[in-house]
Structure formats: C-alpha cells, structure tokens
Amino acid sequence: MNLVKVTFEVFGEMFFLFPDEMGEEALPTVLWHRVSIDIEGSAPYRLTFFFADAMARVMSENYLGEREEAISQPMVVDVLKEAVNVIGGNHLNRLNDDSLLGIPHYHGTTPSLDTPGVELVHDLTIEGERFRVCYGKI
Amino acid sequence: MSITILVVDDSKAALFMHEKIIHLTGIEIGQLLKAGNGREALAILEQHPECDLILTDLNMPEMDGLELIKAVKQRAVWRHIPMVVITTEGRDAVIEEALSCGAVASLPKPFRPEWVKEVILKTLGVKEDDTCIDELGEGDF
C-alpha cells in the first residue's frame, strides 16, 4: 500500500531506520504517542500514527544527531510531528489529486490504540520497537 | 561574502535540522535567522531588511508559506529578496502556485546539504569560489 511504502521510505531517509511489517502478534502495552494529520479535500481522511516512547526517542536521536539526554520532550514531540508531516506530504505526492495536507496534531500519550473510524491499520516494527499507522475517514 | 538567511518553519525540530544542513553546505553564513510562521518571519524582516534569502515551509499555522510570499513581494523594501519554498508534498500544482506567487525555487523535505547548497548558490547567483566555502570533509553529510 502506498502509505506503508512511503512510511518505509521516509523512515529510511530521515531517521536511518528500516521498518518491517509485523505479523499477527499483539502490540505490547506501553504508552503510545499519538499524532494525526488530516488530508482535506472532496473525500477527507485522517492518518493517525502511534509511536512507542522508546521508538520516539530513537527517532529523535537519529534525526537530530544528538544524544538522548540532550533531547527535550517537547523536541521529541516536534520530531514525531515532523515525521508525520513528511510522511503525509510524500503520501499525498503519490496520489496526484487535489487533496490538501493539514497540519500535524499531537494528541499526547495514551495506553490505548483505539481510533474511531479507522478503516486500515498497519503495525510495523523497527529494531524491536513497534508503531502503528492508521487510515480512516474523518 | 557572508549571507543572511531567514528560515521559516513551524517545526522546531525541522528548524534545528535546517540550521545544521545549511552550515554543512560550507557556505559562509553571516546570520541565520529563524521564524516559526509567516507572521514571525515578517516581524524579523522588519528588523533585518539586509536578509539575502528566505527559505520557507508552506504548511504553517497563523500565516502559511504562500501568504508569506505574497506579503514579502508586496513590500518594496523586501521584494528583491529571493524566496525558496520547502515542500513536503512536492506536487507540481503546489510548487507552481508558490512560483506564481513569487518563489524562485523549491526544496523537497527531507532535503540534503548538496541540494541546499545548489539552491543557495544558484538563487544568489554566486559562483562557488566567490563565497568562503570550507572544504567538506568525509562524513560531513
């Protein structure tokens, strides 16, 4: 699927991380950072991402080129929003329609992966850490 | 020749990286100014009319990149400043709209130092040996 492919590419390019698709195993119970971005247009939809905190820190270290202890929590949040922004933008680029990219929204951390209205879910793993990509109508 | 660049992006992480990447080009930067949206950018330009180049994201709250381009091009004192848009989407229609508003080039996110260097040199009409460019060492990128 286009969205998964774009996610893999952006992770490789921006974070030097290379995801794999997960099998049927359940996702662990951790605190997830939830970030979403709306795609606006005639058929609007929302992309929602869940990142485990450990994964968020690795992403931040790799993207910023700084040690974990030097990276503040607000900066981690910013990195996640930027990741979603770039994935959303690159996803839109492949669609070649007139949809508009919204601005990424950080929803905080949650132990729940419930997302109302979700139609498609992809669970991915990178070096033992998990994250989830969801697609759903707004 | 050292130049003044204004970078506009609502993401602090992206601004951090833009700064790193711009310095990695080896081009001598006199001042690197940063703003979180179009409105902040205009306030900074009021204080820094000597700005040589503006790099701006498009999707930002309060005042987006297109609105910023239009506002800059409307002021005689700023009209000459070249503006480059930073795009996550890269679609032709988006870039064309930015160019029609007055941008001179675009850079796709995530971008690389060599692209930034090429855009800066081309946009400012500067040959590589006219700027103080340090030799880039291995592993600088």
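Letters go in sequence order (proteins before strands), and every chain restarts at 1. Worth knowing before you read on, the calculation uses all heavy atoms, side chains too, and leaves out hydrogens, waters and symmetry mates.
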Q: Write down the atom of A:L101, the atom of B:N59, and the distance for their closest heavy-atom approach.
A: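 Smallest interatomic distance, heavy atoms only, reads O-ND2, 2.8 Å.
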
Q. If every non-hydrogen atom of A:E66 is compared with every non-hydrogen atom of B:K20, which pair is closest and at what distance?
A.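 Taking A:E66 first and B:K20 second, the nearest heavy atoms are OE2-NZ, 3.7 Å.
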
Does one hydrophobic cluster hold both [X] and [Y], with members joined at side-chain heavy-atom distances below 4.5 Å?
| X | Y | answer |
| --- | --- | --- |
| B:M83 | B:I86 | no |
| A:Y45 | A:I37 | yes |
| B:W78 | B:L124 | no |
| A:F15 | A:F18 | no |
| B:V8 | B:V77 | yes |

Q) If you draw a 6.0 Å radius around CZ in A:R67, do more than 12 non-hydrogen atoms from other residues or ligands fall strictly inside? A)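 For A:R67, atom CZ is not crowded (no more than 12 foreign heavy atoms under 6.0 Å).
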
Q: Taking atom NZ of B:K12 as the centre, report whether more than 12 heavy atoms of other residues, nucleotides or ligands fall under 6.0 Å from it.
A: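 No, the 6.0 Å shell around NZ holds no more than 12 heavy atoms from other groups.
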
Q. Looking at side-chain heavy atoms only, is the closest gap between B:R112 and A:E13 below 4.5 Å?
A.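 Sidechains of A:E13 and B:R112: in contact.
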
Q. How long is the span from the CD atom in B:E62 to the CD1 atom in A:I103, to the nearest 0.5 Å?
A.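 One gets 10.0 Å once the value is rounded to the nearest 0.5 Å.
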
Q. Residue by residue, which of residues 77-88 of chain A have a heavy atom closer than 4.5 Å to a heavy atom belonging to chain B?
A.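 Counting heavy atoms that sit under 4.5 Å from chain B, the residues of residues 77-88 of chain A involved are A:D78, A:V79, A:E82, A:N85, A:V86.
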
Q.
Counting heavy-atom pairs under 4.5 Å with chain A, which one of B:A14, B:P108, B:A13, B:P110 comes out on top?
A.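 Heavy-atom pair counts peak at B:A13.
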
